[in-house]
Number of protein chains: 2
Amino acid sequence: MRKGEETRTRLLDVAEAAVLAKGFGATSIDELIAETGITKSGFFYHFRDKNELAKALLERYIENDERIYDEIFSRAHELSDDPLQAFLLGLKLLSELLSDLPNGHPGCLVATMCTQERAFDREIQEINRQAALMWRRRFGGMFRDIMRHYRPREALDADQLADMVSTVIEGGIVISKALKEPKSLPDQLLVFRTFVRMLFQPIAQA
Amino acid sequence: MRKGEETRTRLLDVAEAAVLAKGFGATSIDELIAETGITKSGFFYHFRDKNELAKALLERYIENDERIYDEIFSRAHELSDDPLQAFLLGLKLLSELLSDLPNGHPGCLVATMCTQERAFDREIQEINRQAALMWRRRFGGMFRDIMRHYRPREALDADQLADMVSTVIEGGIVISKALKEPKSLPDQLLVFRTFVRMLFQPIAQA
DNA sequence: CCGCTCCTGTACCGCCGGTACGGTTTTCGG
DNA sequence: CCGAAAACCGTACCGGCGGTACAGGAGCGG
(Lines give C-alpha, C1' and ligand atoms only; values in the text may rest on other atoms or scores of the structure.)
Protein backbone atom coordinates (compact mmCIF):
# COMPACT_ATOMS: atom_id res chain seq x y z
CA MET A 1 0.00 0.00 0.00
CA ARG A 2 2.65 2.48 1.08
CA LYS A 3 4.99 0.88 -1.41
CA GLY A 4 2.47 1.34 -4.19
CA GLU A 5 2.24 5.07 -3.65
CA GLU A 6 5.99 5.34 -3.70
CA THR A 7 6.37 3.53 -7.01
CA ARG A 8 3.55 5.56 -8.49
CA THR A 9 5.21 8.76 -7.40
CA ARG A 10 8.52 7.70 -8.89
CA LEU A 11 6.78 6.86 -12.13
CA LEU A 12 5.10 10.26 -12.19
CA ASP A 13 8.41 12.00 -11.47
CA VAL A 14 10.14 10.25 -14.34
CA ALA A 15 7.17 10.80 -16.64
CA GLU A 16 6.83 14.50 -15.82
CA ALA A 17 10.45 15.23 -16.65
CA ALA A 18 10.25 13.25 -19.90
CA VAL A 19 6.95 14.78 -20.99
CA LEU A 20 8.11 18.31 -20.33
CA ALA A 21 11.34 17.66 -22.20
CA LYS A 22 10.03 15.79 -25.22
CA GLY A 23 6.28 15.99 -25.25
CA PHE A 24 3.73 13.40 -24.32
CA GLY A 25 3.61 11.50 -27.57
CA ALA A 26 7.36 11.17 -27.74
CA THR A 27 7.50 9.70 -24.26
CA SER A 28 7.16 5.93 -24.48
CA ILE A 29 5.94 3.69 -21.74
CA ASP A 30 8.88 1.34 -22.31
CA GLU A 31 11.20 4.23 -21.62
CA LEU A 32 9.41 5.17 -18.41
CA ILE A 33 9.39 1.66 -16.99
CA ALA A 34 13.05 1.19 -17.86
CA GLU A 35 14.04 4.28 -15.92
CA THR A 36 11.70 3.50 -13.05
CA GLY A 37 12.89 -0.11 -12.87
CA ILE A 38 9.47 -1.61 -13.29
CA THR A 39 7.80 -3.90 -15.82
CA LYS A 40 5.09 -3.09 -18.31
CA SER A 41 2.59 -5.02 -16.23
CA GLY A 42 3.59 -2.88 -13.31
CA PHE A 43 2.87 0.26 -15.25
CA PHE A 44 -0.59 -0.88 -16.26
CA TYR A 45 -1.28 -1.87 -12.70
CA HIS A 46 -0.94 1.79 -11.72
CA PHE A 47 -2.50 3.36 -14.80
CA ARG A 48 -5.25 1.94 -17.00
CA ASP A 49 -3.70 3.56 -20.06
CA LYS A 50 -1.48 6.42 -21.14
CA ASN A 51 -4.33 8.86 -20.96
CA GLU A 52 -4.77 8.15 -17.27
CA LEU A 53 -1.07 8.80 -16.78
CA ALA A 54 -1.57 12.18 -18.45
CA LYS A 55 -4.48 12.91 -16.14
CA ALA A 56 -2.56 12.01 -13.00
CA LEU A 57 0.43 13.98 -14.22
CA LEU A 58 -1.68 17.05 -14.89
CA GLU A 59 -3.54 16.89 -11.59
CA ARG A 60 -0.35 16.55 -9.61
CA TYR A 61 1.26 19.37 -11.55
CA ILE A 62 -1.64 21.73 -10.95
CA GLU A 63 -1.72 20.87 -7.25
CA ASN A 64 1.95 21.65 -6.90
CA ASP A 65 1.51 24.83 -8.91
CA GLU A 66 -1.22 26.01 -6.59
CA ARG A 67 0.93 25.22 -3.58
CA ILE A 68 3.74 27.38 -4.91
CA TYR A 69 1.40 30.28 -5.58
CA ASP A 70 -0.08 29.88 -2.11
CA GLU A 71 3.32 30.04 -0.51
CA ILE A 72 4.63 32.98 -2.48
CA PHE A 73 1.62 35.22 -2.16
CA SER A 74 0.88 34.37 1.47
CA ARG A 75 4.50 35.21 2.14
CA ALA A 76 4.06 38.49 0.28
CA HIS A 77 0.94 39.30 2.27
CA GLU A 78 2.85 38.72 5.47
CA LEU A 79 5.41 41.28 4.39
CA SER A 80 2.94 43.97 3.44
CA ASP A 81 -0.61 44.75 4.50
CA ASP A 82 -1.20 46.84 1.42
CA PRO A 83 -2.81 44.66 -1.29
CA LEU A 84 -0.99 46.42 -4.13
CA GLN A 85 2.42 46.22 -2.47
CA ALA A 86 1.82 42.61 -1.54
CA PHE A 87 0.87 41.72 -5.11
CA LEU A 88 3.87 43.54 -6.56
CA LEU A 89 6.07 41.80 -4.03
CA GLY A 90 4.56 38.47 -4.97
CA LEU A 91 5.37 39.04 -8.62
CA LYS A 92 8.89 39.95 -7.65
CA LEU A 93 9.31 36.83 -5.55
CA LEU A 94 7.88 34.72 -8.36
CA SER A 95 10.25 36.30 -10.84
CA GLU A 96 13.19 35.61 -8.56
CA LEU A 97 12.10 32.03 -8.06
CA LEU A 98 11.95 31.58 -11.84
CA SER A 99 15.35 33.21 -12.26
CA ASP A 100 16.88 30.71 -9.89
CA LEU A 101 15.91 27.74 -12.05
CA PRO A 102 19.24 27.02 -13.69
CA ASN A 103 17.84 25.54 -16.91
CA GLY A 104 14.82 27.79 -17.05
CA HIS A 105 11.24 26.79 -16.42
CA PRO A 106 10.77 23.14 -17.40
CA GLY A 107 7.48 23.93 -19.09
CA CYS A 108 3.84 24.01 -18.08
CA LEU A 109 1.86 20.81 -18.38
CA VAL A 110 -1.34 22.77 -18.81
CA ALA A 111 0.09 24.33 -21.94
CA THR A 112 1.50 20.98 -23.01
CA MET A 113 -1.85 19.29 -22.72
CA CYS A 114 -4.00 21.98 -24.24
CA THR A 115 -1.71 23.25 -26.98
CA GLN A 116 -0.82 19.84 -28.26
CA GLU A 117 -0.77 16.16 -28.21
CA ARG A 118 -3.71 14.29 -29.53
CA ALA A 119 -7.28 15.23 -29.01
CA PHE A 120 -7.00 14.62 -25.30
CA ASP A 121 -10.18 13.41 -23.81
CA ARG A 122 -12.81 15.77 -22.47
CA GLU A 123 -11.83 15.02 -18.91
CA ILE A 124 -8.33 16.38 -19.33
CA GLN A 125 -9.57 19.41 -21.19
CA GLU A 126 -11.93 20.10 -18.33
CA ILE A 127 -9.15 19.79 -15.74
CA ASN A 128 -7.17 22.25 -17.81
CA ARG A 129 -10.05 24.67 -17.94
CA GLN A 130 -10.57 24.45 -14.19
CA ALA A 131 -6.89 25.19 -13.65
CA ALA A 132 -7.10 28.34 -15.75
CA LEU A 133 -10.26 29.35 -13.89
CA MET A 134 -8.51 28.83 -10.55
CA TRP A 135 -5.74 31.15 -11.65
CA ARG A 136 -8.36 33.68 -12.69
CA ARG A 137 -10.10 33.48 -9.33
CA ARG A 138 -6.83 33.74 -7.44
CA PHE A 139 -5.43 36.78 -9.19
CA GLY A 140 -8.83 38.29 -9.89
CA GLY A 141 -9.45 38.39 -6.14
CA MET A 142 -6.15 40.17 -5.64
CA PHE A 143 -6.93 42.77 -8.29
CA ARG A 144 -10.40 43.41 -6.87
CA ASP A 145 -8.81 43.85 -3.48
CA ILE A 146 -6.32 46.31 -4.92
CA MET A 147 -9.09 48.21 -6.68
CA ARG A 148 -10.85 48.76 -3.37
CA HIS A 149 -7.82 50.72 -2.24
CA TYR A 150 -6.46 52.22 -5.44
CA ARG A 151 -8.11 53.88 -8.35
CA PRO A 152 -6.71 52.45 -11.61
CA ARG A 153 -5.48 54.99 -14.11
CA GLU A 154 -7.42 53.14 -16.80
CA ALA A 155 -10.61 51.16 -16.36
CA LEU A 156 -9.61 47.51 -16.75
CA ASP A 157 -11.51 44.38 -15.86
CA ALA A 158 -10.12 42.53 -12.83
CA ASP A 159 -10.62 39.13 -14.45
CA GLN A 160 -8.87 40.21 -17.61
CA LEU A 161 -5.99 41.49 -15.54
CA ALA A 162 -5.96 38.17 -13.70
CA ASP A 163 -5.84 36.29 -17.00
CA MET A 164 -2.95 38.55 -17.96
CA VAL A 165 -0.88 37.04 -15.17
CA SER A 166 -1.45 33.56 -16.57
CA THR A 167 -0.94 34.83 -20.10
CA VAL A 168 2.42 36.37 -19.29
CA ILE A 169 3.59 33.25 -17.50
CA GLU A 170 2.45 30.82 -20.19
CA GLY A 171 3.61 33.06 -23.01
CA GLY A 172 6.86 33.75 -21.20
CA ILE A 173 7.54 30.03 -20.96
CA VAL A 174 6.96 29.60 -24.69
CA ILE A 175 9.08 32.58 -25.72
CA SER A 176 11.77 31.64 -23.24
CA LYS A 177 11.95 28.15 -24.71
CA ALA A 178 11.85 29.36 -28.30
CA LEU A 179 14.60 31.89 -27.69
CA LYS A 180 16.55 29.52 -25.46
CA GLU A 181 16.86 32.40 -23.02
CA PRO A 182 15.79 31.30 -19.53
CA LYS A 183 15.93 34.88 -18.31
CA SER A 184 13.13 35.96 -20.64
CA LEU A 185 10.36 34.55 -18.49
CA PRO A 186 11.28 36.30 -15.23
CA ASP A 187 12.02 39.47 -17.21
CA GLN A 188 8.59 39.42 -18.81
CA LEU A 189 7.03 39.02 -15.37
CA LEU A 190 8.89 42.10 -14.18
CA VAL A 191 7.74 44.10 -17.21
CA PHE A 192 4.20 43.11 -16.36
CA ARG A 193 4.86 44.09 -12.77
CA THR A 194 5.90 47.54 -13.91
CA PHE A 195 2.67 47.84 -15.89
CA VAL A 196 0.59 46.91 -12.86
CA ARG A 197 2.46 49.36 -10.65
CA MET A 198 1.96 52.07 -13.24
CA LEU A 199 -1.73 51.25 -13.53
CA PHE A 200 -2.42 51.82 -9.85
CA GLN A 201 0.15 54.51 -9.18
CA PRO A 202 -1.61 57.65 -7.91
CA ILE A 203 -1.35 60.46 -10.44
CA ALA A 204 1.26 62.91 -9.23
CA GLN A 205 -0.09 66.30 -8.32
CA ALA A 206 1.89 69.16 -9.85
CA MET B 1 6.59 20.40 -61.46
CA ARG B 2 3.48 22.50 -61.09
CA LYS B 3 1.53 19.42 -60.15
CA GLY B 4 4.06 18.44 -57.51
CA GLU B 5 3.90 21.80 -55.79
CA GLU B 6 0.13 21.65 -55.74
CA THR B 7 0.03 18.23 -54.08
CA ARG B 8 2.68 19.31 -51.60
CA THR B 9 0.68 22.39 -50.70
CA ARG B 10 -2.47 20.35 -50.23
CA LEU B 11 -0.56 17.96 -47.99
CA LEU B 12 0.75 20.86 -45.92
CA ASP B 13 -2.74 22.36 -45.62
CA VAL B 14 -4.20 19.10 -44.36
CA ALA B 15 -1.24 18.52 -42.05
CA GLU B 16 -1.31 22.01 -40.56
CA ALA B 17 -4.97 21.76 -39.61
CA ALA B 18 -4.48 18.30 -38.11
CA VAL B 19 -1.34 19.23 -36.20
CA LEU B 20 -2.88 22.35 -34.72
CA ALA B 21 -5.97 20.43 -33.74
CA LYS B 22 -4.39 17.28 -32.29
CA GLY B 23 -0.67 17.82 -32.01
CA PHE B 24 2.10 16.50 -34.18
CA GLY B 25 2.49 13.09 -32.60
CA ALA B 26 -1.20 12.34 -32.80
CA THR B 27 -1.28 13.19 -36.49
CA SER B 28 -0.56 10.03 -38.47
CA ILE B 29 0.82 9.92 -41.98
CA ASP B 30 -1.85 7.42 -42.97
CA GLU B 31 -4.46 9.92 -41.93
CA LEU B 32 -2.87 12.71 -43.94
CA ILE B 33 -2.51 10.70 -47.13
CA ALA B 34 -6.08 9.46 -46.83
CA GLU B 35 -7.43 12.99 -46.67
CA THR B 36 -5.09 14.24 -49.37
CA GLY B 37 -5.91 11.32 -51.66
CA ILE B 38 -2.36 10.16 -52.04
CA THR B 39 -0.40 7.00 -51.21
CA LYS B 40 2.24 6.50 -48.59
CA SER B 41 4.94 6.36 -51.26
CA GLY B 42 3.66 9.67 -52.51
CA PHE B 43 4.07 11.20 -49.09
CA PHE B 44 7.65 10.03 -48.78
CA TYR B 45 8.36 11.36 -52.23
CA HIS B 46 7.61 14.86 -50.95
CA PHE B 47 9.08 14.52 -47.46
CA ARG B 48 12.00 12.37 -46.41
CA ASP B 49 10.38 11.75 -43.04
CA LYS B 50 7.90 13.22 -40.59
CA ASN B 51 10.48 15.59 -39.23
CA GLU B 52 10.90 17.18 -42.62
CA LEU B 53 7.15 17.64 -42.79
CA ALA B 54 7.34 19.46 -39.47
CA LYS B 55 10.10 21.68 -40.81
CA ALA B 56 8.18 22.57 -43.97
CA LEU B 57 5.05 23.16 -41.92
CA LEU B 58 6.86 25.46 -39.52
CA GLU B 59 8.62 27.45 -42.23
CA ARG B 60 5.42 27.99 -44.14
CA TYR B 61 3.59 28.97 -40.97
CA ILE B 62 6.20 31.54 -39.99
CA GLU B 63 6.27 33.00 -43.49
CA ASN B 64 2.53 33.47 -43.45
CA ASP B 65 2.69 34.90 -39.95
CA GLU B 66 5.24 37.49 -41.04
CA ARG B 67 3.08 38.38 -44.02
CA ILE B 68 0.10 39.07 -41.78
CA TYR B 69 2.14 41.27 -39.44
CA ASP B 70 3.56 43.11 -42.45
CA GLU B 71 0.10 43.82 -43.77
CA ILE B 72 -1.43 44.91 -40.49
CA PHE B 73 1.33 47.22 -39.35
CA SER B 74 2.04 48.73 -42.77
CA ARG B 75 -1.67 49.43 -42.93
CA ALA B 76 -1.50 51.02 -39.49
CA HIS B 77 1.45 53.17 -40.52
CA GLU B 78 -0.50 54.38 -43.53
CA LEU B 79 -3.28 55.53 -41.25
CA SER B 80 -1.06 57.41 -38.83
CA ASP B 81 2.35 59.01 -39.13
CA ASP B 82 2.84 58.92 -35.38
CA PRO B 83 4.75 55.77 -34.39
CA LEU B 84 2.85 55.35 -31.12
CA GLN B 85 -0.56 55.82 -32.69
CA ALA B 86 0.38 53.52 -35.54
CA PHE B 87 1.51 50.80 -33.12
CA LEU B 88 -1.61 51.12 -30.99
CA LEU B 89 -3.69 50.99 -34.13
CA GLY B 90 -1.83 47.89 -35.27
CA LEU B 91 -2.58 46.13 -31.99
CA LYS B 92 -6.22 47.10 -32.37
CA LEU B 93 -6.36 45.75 -35.92
CA LEU B 94 -4.65 42.56 -34.80
CA SER B 95 -7.08 42.15 -31.94
CA GLU B 96 -10.02 42.62 -34.31
CA LEU B 97 -8.58 40.14 -36.76
CA LEU B 98 -8.26 37.59 -33.94
CA SER B 99 -11.79 38.33 -32.77
CA ASP B 100 -13.15 37.53 -36.21
CA LEU B 101 -11.80 33.98 -36.16
CA PRO B 102 -15.01 32.10 -35.36
CA ASN B 103 -13.34 29.17 -33.57
CA GLY B 104 -10.55 31.18 -32.03
CA HIS B 105 -6.90 31.12 -33.01
CA PRO B 106 -6.06 27.67 -34.33
CA GLY B 107 -2.80 27.66 -32.40
CA CYS B 108 0.77 28.68 -33.05
CA LEU B 109 3.07 26.11 -34.62
CA VAL B 110 6.07 27.78 -33.00
CA ALA B 111 4.58 27.06 -29.60
CA THR B 112 3.55 23.60 -30.74
CA MET B 113 7.06 22.73 -31.84
CA CYS B 114 8.95 24.24 -28.92
CA THR B 115 6.62 23.47 -26.06
CA GLN B 116 6.09 19.88 -27.01
CA GLU B 117 6.43 16.92 -29.15
CA ARG B 118 9.58 14.85 -29.17
CA ALA B 119 13.06 16.22 -29.00
CA PHE B 120 12.72 17.93 -32.33
CA ASP B 121 15.99 18.16 -34.15
CA ARG B 122 18.30 21.14 -33.75
CA GLU B 123 17.28 22.51 -37.10
CA ILE B 124 13.68 23.00 -36.09
CA GLN B 125 14.68 24.50 -32.76
CA GLU B 126 16.85 26.97 -34.61
CA ILE B 127 14.03 27.93 -36.98
CA ASN B 128 11.88 28.52 -33.93
CA ARG B 129 14.51 30.67 -32.33
CA GLN B 130 14.91 32.75 -35.47
CA ALA B 131 11.17 33.28 -35.61
CA ALA B 132 11.13 34.62 -32.06
CA LEU B 133 14.10 36.85 -32.85
CA MET B 134 12.30 38.21 -35.93
CA TRP B 135 9.36 39.13 -33.78
CA ARG B 136 11.72 40.84 -31.37
CA ARG B 137 13.37 42.82 -34.17
CA ARG B 138 10.04 43.81 -35.66
CA PHE B 139 8.41 45.07 -32.49
CA GLY B 140 11.66 46.25 -30.95
CA GLY B 141 12.13 48.57 -33.91
CA MET B 142 8.66 49.97 -33.38
CA PHE B 143 9.27 50.60 -29.69
CA ARG B 144 12.59 52.29 -30.36
CA ASP B 145 10.85 54.46 -32.91
CA ILE B 146 8.19 55.34 -30.38
CA MET B 147 10.81 56.15 -27.75
CA ARG B 148 12.38 58.69 -30.06
CA HIS B 149 9.12 60.62 -29.93
CA TYR B 150 7.74 59.81 -26.50
CA ARG B 151 9.31 59.61 -23.12
CA PRO B 152 8.18 56.42 -21.35
CA ARG B 153 6.78 56.89 -17.88
CA GLU B 154 9.00 54.04 -16.72
CA ALA B 155 12.36 53.00 -18.14
CA LEU B 156 11.73 49.73 -19.96
CA ASP B 157 13.90 47.93 -22.46
CA ALA B 158 12.61 48.06 -26.03
CA ASP B 159 13.49 44.42 -26.69
CA GLN B 160 11.76 43.27 -23.54
CA LEU B 161 8.70 45.24 -24.56
CA ALA B 162 8.95 43.63 -27.99
CA ASP B 163 9.11 40.17 -26.42
CA MET B 164 6.05 41.14 -24.42
CA VAL B 165 4.05 41.35 -27.64
CA SER B 166 5.03 37.77 -28.53
CA THR B 167 4.49 36.70 -24.93
CA VAL B 168 0.97 38.07 -24.80
CA ILE B 169 0.07 36.48 -28.12
CA GLU B 170 1.53 33.07 -27.31
CA GLY B 171 0.24 33.13 -23.76
CA GLY B 172 -3.12 34.40 -24.93
CA ILE B 173 -3.42 31.47 -27.31
CA VAL B 174 -2.68 29.01 -24.51
CA ILE B 175 -5.06 30.59 -22.02
CA SER B 176 -7.72 31.01 -24.66
CA LYS B 177 -7.50 27.32 -25.52
CA ALA B 178 -7.39 26.22 -21.90
CA LEU B 179 -10.42 28.34 -21.00
CA LYS B 180 -12.18 27.52 -24.27
CA GLU B 181 -12.86 31.23 -24.56
CA PRO B 182 -11.80 32.47 -28.00
CA LYS B 183 -12.34 36.07 -26.91
CA SER B 184 -9.59 35.88 -24.29
CA LEU B 185 -6.75 36.26 -26.77
CA PRO B 186 -7.97 39.48 -28.43
CA ASP B 187 -8.95 40.79 -25.00
CA GLN B 188 -5.48 40.19 -23.62
CA LEU B 189 -4.00 42.02 -26.58
CA LEU B 190 -6.21 45.00 -25.80
CA VAL B 191 -5.17 44.98 -22.15
CA PHE B 192 -1.56 45.03 -23.29
CA ARG B 193 -2.45 47.85 -25.67
CA THR B 194 -3.78 49.85 -22.75
CA PHE B 195 -0.53 49.27 -20.89
CA VAL B 196 1.53 50.50 -23.82
CA ARG B 197 -0.67 53.58 -24.24
CA MET B 198 -0.34 54.31 -20.54
CA LEU B 199 3.41 53.85 -20.66
CA PHE B 200 3.91 56.53 -23.29
CA GLN B 201 1.07 58.82 -22.33
CA PRO B 202 2.44 62.27 -21.48
CA ILE B 203 1.96 63.02 -17.80
CA ALA B 204 -0.95 65.40 -17.44
CA GLN B 205 -0.02 68.80 -16.10
CA ALA B 206 -2.29 69.97 -13.30
C1' DC C 1 11.26 8.43 -78.22
C1' DC C 2 13.90 9.80 -74.07
C1' DG C 3 14.00 11.30 -69.62
C1' DC C 4 12.26 13.59 -65.86
C1' DT C 5 8.77 14.54 -62.45
C1' DC C 6 5.35 12.59 -59.79
C1' DC C 7 3.58 9.46 -58.22
C1' DT C 8 1.26 3.94 -57.22
C1' DG C 9 1.64 -0.86 -55.23
C1' DT C 10 3.49 -4.31 -52.50
C1' DA C 11 6.05 -6.21 -49.10
C1' DC C 12 8.32 -5.82 -45.04
C1' DC C 13 10.55 -4.13 -40.38
C1' DG C 14 10.64 -2.59 -35.54
C1' DC C 15 8.66 0.24 -31.95
C1' DC C 16 4.87 1.28 -29.29
C1' DG C 17 0.34 1.24 -26.89
C1' DG C 18 -2.57 -2.02 -25.17
C1' DT C 19 -4.72 -6.72 -23.72
C1' DA C 20 -4.83 -11.08 -21.41
C1' DC C 21 -3.74 -13.77 -17.86
C1' DG C 22 -1.29 -16.73 -14.75
C1' DG C 23 2.00 -16.59 -11.22
C1' DT C 24 4.73 -14.52 -7.32
C1' DT C 25 6.26 -11.63 -3.67
C1' DT C 26 5.46 -8.07 -0.30
C1' DT C 27 2.86 -5.89 3.12
C1' DC C 28 -0.21 -5.17 6.67
C1' DG C 29 -4.36 -5.89 9.67
C1' DG C 30 -6.24 -9.05 12.82
C1' DC D 1 2.01 -15.59 12.77
C1' DC D 2 -1.51 -16.18 9.22
C1' DG D 3 -4.23 -15.00 5.47
C1' DA D 4 -5.74 -11.89 2.24
C1' DA D 5 -5.17 -8.12 -0.34
C1' DA D 6 -1.81 -5.20 -2.71
C1' DA D 7 1.85 -4.78 -5.74
C1' DC D 8 3.90 -6.38 -8.80
C1' DC D 9 6.59 -10.00 -12.71
C1' DG D 10 6.67 -12.84 -17.23
C1' DT D 11 5.16 -14.06 -21.44
C1' DA D 12 2.66 -14.00 -25.37
C1' DC D 13 0.19 -11.57 -28.49
C1' DC D 14 -2.30 -7.73 -31.37
C1' DG D 15 -2.84 -3.72 -34.48
C1' DG D 16 -1.23 0.85 -35.75
C1' DC D 17 2.34 3.69 -37.11
C1' DG D 18 6.83 5.49 -38.86
C1' DG D 19 9.94 4.15 -42.06
C1' DT D 20 12.53 1.37 -45.87
C1' DA D 21 13.06 -0.82 -50.25
C1' DC D 22 12.03 -1.34 -54.67
C1' DA D 23 9.75 -1.94 -59.01
C1' DG D 24 7.00 0.15 -62.00
C1' DG D 25 3.92 3.47 -64.47
C1' DA D 26 1.47 7.81 -66.17
C1' DG D 27 2.08 12.17 -68.12
C1' DC D 28 4.65 15.61 -70.28
C1' DG D 29 8.31 18.60 -72.34
C1' DG D 30 12.20 18.57 -75.51
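Letters A, B, ... are given to chains in the order of the sequence lines, protein chains preceding strands, and every chain is numbered from 1. Since the structure is predicted, the reported quantities are computational estimates derived from the model, not experimental observations.
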For a quick test of reading the model: is some side-chain N or O of [X] closer than 4.0 Å to OP1 or OP2 of [N]?
| X | N | value |
| --- | --- | --- |
| A:Y45 | D:dC8 | no |
| A:H46 | D:dC8 | yes |
| A:S41 | D:dT11 | no |

Starting at atom [atom1] of [X], determine the distance to atom [atom2] of [N], rounded to an integer number of angstrom.
| X | N | atom1 | atom2 | result |
| --- | --- | --- | --- | --- |
| A:K50 | D:dC17 | NZ | P | 14 Å |
| B:L11 | C:dC7 | CG | P | 9 Å |
| A:F43 | C:dT19 | CZ | P | 11 Å |
| B:D49 | D:dG19 | CG | P | 5 Å |
| A:E52 | C:dG17 | CD | C1' | 15 Å |
| A:R48 | C:dG17 | CZ | C1' | 15 Å |
| B:E5 | D:dC28 | CD | P | 18 Å |
| A:F44 | D:dG10 | CZ | C1' | 15 Å |

Tell whether B:K40 reaches the base of D:dG19 with its side chain through a donor-acceptor pair below 3.5 angstrom.
yes

When only distance counts, do a donor and an acceptor, one from the side chain of B:T39 and one from the base of C:dG9, lie under 3.5 Å apart?
no

Expected output is a numbered-order residue list: members of residues 27-38 of chain A with a heavy atom under 4.0 Å from any atom of DNA chain C. What is it?
A:T27, A:S28, A:I29, A:D30

Indicate yes or no: at least one non-hydrogen side-chain atom of B:V168 is less than 4.5 angstrom from one of B:M164.
yes

Heavy-atom closest pair (A:G90 atom, A:I72 atom, distance to 0.1 Å) is O-CG2, 3.6 Å

Using a distance-only test with no angle check, is there a side-chain donor-acceptor pair under 3.5 angstrom linking B:T167 and A:Q188?
yes

Spell out, as yes or no, whether a donor-acceptor pair under 3.5 Å connects the side chain of [X] to the backbone of [Y].
| X | Y | value |
| --- | --- | --- |
| A:R197 | A:L88 | no |
| A:R136 | A:A162 | no |
| B:T9 | B:E5 | yes |

Tell me if the aromatic rings of A:F43 and A:F47 count as close, with their centers under 6.0 Å from one another.
yes

